[in-house]
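Inspection log for the structure reproduced underneath, given as structure tokens.
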Amino acid sequence: MSNAYAQRGVVVLTGAGISAESGLGTFRDVDGIWTKYPLEDLATPEGFARNPEFVQGFYNARRAQLKTSRPNAAHLALSELEAALQAAGRRFTLITQNVDHLHEQAGSQNVLHMHGELLKVRCEACRGVVRWPDDIGVRTPCPTCEAVGLMRPHVVWFGEMPLYMDEIETELARADLFVSIGTSGNVYPAAGFVQLARRAGARTLELNLEPSDGASFFDEARYGKASELVPDWASEIMRRL
Ligand code: OAD
């Protein structure tokens, strides 16, 4: 295998749709989280400043829900694909907008959580990020610096900078295949990754229940449930290795 070939790779972006069949709600579908709760109050720094108890309660409930949710066939297929591509000397990058940890539970080794992680919290005083499976309250002291009242979910809110952007842009620039799974293409910068990958010469594929907002940017699209589409697509790739 030539070096040039080995340096290029598969980049996958996932959104809430991949976890829908694990019982976690999506955001913008009928019954989606943002159709029931106001995004401005629950997913912005201003909302948190106005009513921290309400925001902590919302994220505590979502964190508690993770204790009983399990990865589905789509998460498992991506983990299997990562192992197969790596064994074949190919690059594989998994970027997720999801704050759940179902990719890790399925065995994925290297997950870029660009919107943060529900199972982590951080302190606004010392900036320390810690793993935290339980509730936090407005008086929870920071386990590192002991400041009181400054702990918040380690989740990226609207108006804040997503995480791992340098690494993501590097991987998109050397993608030869970009696959978007279970995302509405509504939220930037993730919604723009397909165009960055195209510009770098990658082929682009959308796997979603319905056409996303950016559907016209993809070379190919397959519509249906992630638990069916993703294992089928991953098997195709693995057969060709
Ligand atoms: P959305 O709720 O906007 O979109 C979910 C997509 O998944 C929709 O296009 C659905 O059609 C599709 N879908 C639903 N069930 C599916 C299934 N079983 N199989 C395949 N596809 C399915 O969620 P995201 O695009 O992830 O950010 O939302 C992006 C960001 O907006 C989130 O990360 C979150 C949210 O506000 C923050 O909170 C910062």
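The figures that follow rest on heavy atoms only: side chains count, while hydrogens, waters and symmetry mates do not. When a ligand or atom number is given, it counts from 1 through the structure's own listing order.
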Could you tell me whether the side chain of I168 reaches within less than 4.5 Å of the side chain of L196, counting heavy atoms only? no
Are any side-chain N or O atoms of [X] and backbone N or O atoms of [Y], one a donor and one an acceptor, separated by less than 3.5 Å?
| X | Y | value |
| --- | --- | --- |
| T183 | T14 | no |
| N98 | D100 | no |
| Q195 | F217 | no |
| N72 | I18 | yes |
| Y59 | L42 | yes |
| Q109 | G107 | yes |

Sub-4.0 Å atoms of ligand 1 with respect to non-hydrogen atoms of [X]:
| X | value |
| --- | --- |
| V187 | 29 (C), 30 (C), 31 (O) |
| E21 | 17 (C), 18 (N), 19 (N) |
| Q97 | 29 (C), 33 (O) |
| F158 | 36 (O) |
| K225 | 19 (N) |
| G224 | 19 (N), 20 (C) |
| E210 | 9 (O), 11 (O) |

Can you tell me which portion of [X] lies within the under-4.0 Å heavy-atom range of ligand 1? Options are side chain, backbone, both, or neither.
| X | value |
| --- | --- |
| R28 | both |
| H115 | side chain |
| A20 | side chain |
| L229 | neither |

Among all protein heavy atoms in this structure, tell me which lies nearest to [atom], with the distance rounded to 0.1 Å.
| atom | value |
| --- | --- |
| atom 20 (C) of ligand 1 | A226 N, 3.5 Å |
| atom 2 (O) of ligand 1 | F27 N, 2.6 Å |
| atom 3 (O) of ligand 1 | S184 OG, 2.6 Å |
| atom 17 (C) of ligand 1 | G17 O, 3.4 Å |
| atom 26 (O) of ligand 1 | A16 N, 2.8 Å |
| atom 9 (O) of ligand 1 | N208 ND2, 2.9 Å |

List, one per line, each side-chain donor-acceptor pair under 3.5 Å for residues 231-241, sequence neighbours excluded.
from: S235; atom 1: OG; to: P231; atom 2: O; distance (Å): 2.8
from: E236; atom 1: OE1; to: R222; atom 2: NH2; distance (Å): 3.1
from: E236; atom 1: OE2; to: R222; atom 2: NH1; distance (Å): 3.1

Look up atom [atom1] in [X] and atom [atom2] in [Y], then write down how far apart they are to the nearest 0.5 Å.
| X | Y | atom1 | atom2 | answer |
| --- | --- | --- | --- | --- |
| K67 | L119 | NZ | CG | 9.0 Å |
| N110 | E104 | CG | CD | 9.5 Å |
| E46 | D41 | CD | CG | 11.0 Å |
| H101 | L118 | NE2 | CG | 9.5 Å |
| S212 | L207 | OG | CG | 11.0 Å |

Heavy-atom closest pair (E206 atom, E210 atom, distance to 0.1 Å) is OE2-O, 4.2 Å
Measuring from the heavy atoms of [X], does anything fall under 4.0 Å of ligand 1?
| X | answer |
| --- | --- |
| N186 | no |
| W157 | no |
| G116 | no |

Taking the minimum heavy-atom distance to [atom], which of [options] ranks first?
| atom | options | answer |
| --- | --- | --- |
| atom 8 (C) of ligand 1 | D29, V156, I181 | D29 |
| atom 36 (O) of ligand 1 | Y188, Y223, W34 | W34 |
| atom 24 (P) of ligand 1 | T35, T26, N98, T183 | T183 |
| atom 5 (C) of ligand 1 | G15, G182, G25, G159 | G182 |

